[in-house]
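Input: a single structure, listed below in structure tokens.
Residues: numbered from 1 along the sequence shown.
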Amino acid sequence: MIDRIGEDLGFFQTAINLRQQRQEVLAANIANADTPNYKARDFDFSSALQDVMTERMRLADTKLTLTSPRHIPGAAVSGDSAELLYRQPLQPSLDGNTVDMDVERVQFADNTMRYQSDLTIISQRIKTMLAALQQ
């Protein structure tokens, strides 16, 4: 039972992590709208989510071997990552910048709306589970 709940919420956790990464990429594009030769970046959310869920792009977790008891143990867990692609400009500027603010604003707002809807779905599922447990 707990495994099924964890798997279900794990999917939404992965989706939210990817939405957050995409939000950072879009924010970087907007922040660099006036930077000469800056190339707008983005990634395909659906293919990134599919890759992460099937763990094709996931690297193995790393643990350091301790050679002395005084060493600090270390571990690195690979996070969810997506392949960043360059966005094809509709009308590049003369300084080589490919950020189109209208496209970036729309993508940013769309990603924000989807992030909020994912949070709402998670919240409703948790409330449903709590209600079932209380009865």
Side-chain angles (χ1 to χ4, degrees):
M1 174 77 172
I2 298 296
D3 292 339
R4 290 184 59 211
I5 294 170
E7 288 175 11
D8 187 39
L9 293 179
F11 170 78
F12 288 108
Q13 179 185 7
T14 302
I16 285 177
N17 287 341
L18 283 172
R19 290 269 175 225
Q20 182 259 334
Q21 285 179 4
R22 185 162 188 245
Q23 200 76 350
E24 289 175 5
V25 170
L26 295 172
N29 288 346
I30 292 170
N32 289 296
D34 294 327
T35 305
N37 295 317
Y38 182 81
K39 308 299 182 211
R41 312 280 311 256
D42 200 358
F43 63 87
D44 182 23
F45 179 81
S46 60
S47 66
L49 182 62
Q50 185 177 11
D51 288 343
V52 169
M53 292 309 292
T54 58
E55 296 189 288
R56 281 186 277 166
M57 294 180 59
R58 183 174 166 84
L59 299 174
D61 296 341
T62 304
K63 292 189 179 186
L64 300 177
T65 304
L66 300 177
T67 57
S68 170
R70 297 186 327 190
H71 287 169
I72 298 172
V77 178
S78 61
D80 302 333
S81 62
E83 180 183 2
L84 285 179
L85 305 171
Y86 291 101
R87 184 169 290 158
Q88 294 291 353
L90 300 174
Q91 184 176 358
S93 63
L94 292 175
D95 64 357
N97 189 310
T98 62
V99 176
D100 183 357
M101 284 301 290
D102 293 332
V103 171
E104 298 301 327
R105 284 187 196 117
V106 168
Q107 293 297 323
F108 192 86
D110 180 63
N111 194 58
T112 301
M113 180 198 61
R114 292 175 189 266
Y115 183 88
Q116 290 295 327
S117 65
D118 286 346
L119 288 177
T120 302
I121 291 170
I122 290 172
S123 176
Q124 290 301 320
R125 289 195 180 222
I126 290 173
K127 286 179 185 177
T128 302
M129 285 187 270
L130 287 174
L133 289 173
Q134 290 176 352
Q135 291 187 14

- Item | Exceeds 12 heavy-atom contacts within 6.0 angstrom, atom CD of E24 | yes
- Query: Quick one: are Q91 and D100 in side-chain contact, heavy atoms under 4.5 Å?
  - Reply: no
- Query: If we only count heavy atoms from C-beta on, is the N97 to D34 side-chain gap below 4.5 Å?
  - Reply: no
Taking all non-hydrogen atoms of both residues, which atom of [X] and which atom of [Y] are closest, and how far apart?
| X | Y | result |
| --- | --- | --- |
| Q23 | T112 | NE2-OG1, 2.6 Å |
| A33 | M101 | CB-SD, 3.5 Å |
| N32 | A28 | ND2-O, 2.9 Å |

From [atom1] ([X]) to [atom2] ([Y]), nearest 0.5 Å:
| X | Y | atom1 | atom2 | answer |
| --- | --- | --- | --- | --- |
| Q21 | N111 | CD | CG | 11.0 Å |
| R87 | L85 | CZ | CG | 10.0 Å |
| R41 | T98 | CZ | OG1 | 10.0 Å |

Hey, any chance [X] and [Y] share a hydrophobic cluster, counting ILVMFWY side chains that come within less than 4.5 Å of each other, even indirectly?
| X | Y | answer |
| --- | --- | --- |
| I30 | V25 | no |
| F108 | F43 | no |
| F45 | L26 | no |
| V103 | V99 | no |

- Can N29 and Y38 be counted as having a side-chain donor-acceptor contact under 3.5 angstrom? yes
- Item | side-chain hydrogen bond (donor to acceptor under 3.5 Å, both in side chains) partners of R114, counting only residues at least two apart | D110
- Task: Tell me, please, which residues at least two apart from T67 pass side-chain hydrogen bond (donor to acceptor under 3.5 Å, both in side chains).
- Result: H71
Taking only distance into account, with no hydrogens and no angle test, what donor-acceptor pairs under 3.5 Å do side-chain atoms of residues 119-132 form with protein atoms, sequence neighbours excluded?
| from | atom 1 | to | atom 2 | distance (Å) |
| --- | --- | --- | --- | --- |
| T120 | OG1 | Q116 | O | 2.9 |
| R125 | NH1 | D8 | OD1 | 3.0 |
| R125 | NH1 | D8 | OD2 | 2.6 |
| T128 | OG1 | Q124 | O | 2.8 |

- Taking R22 as the fixed residue, which of D42, D44, N17 is the one that meets the side chain to side chain donor-acceptor pair (under 3.5 Å) rule? D42
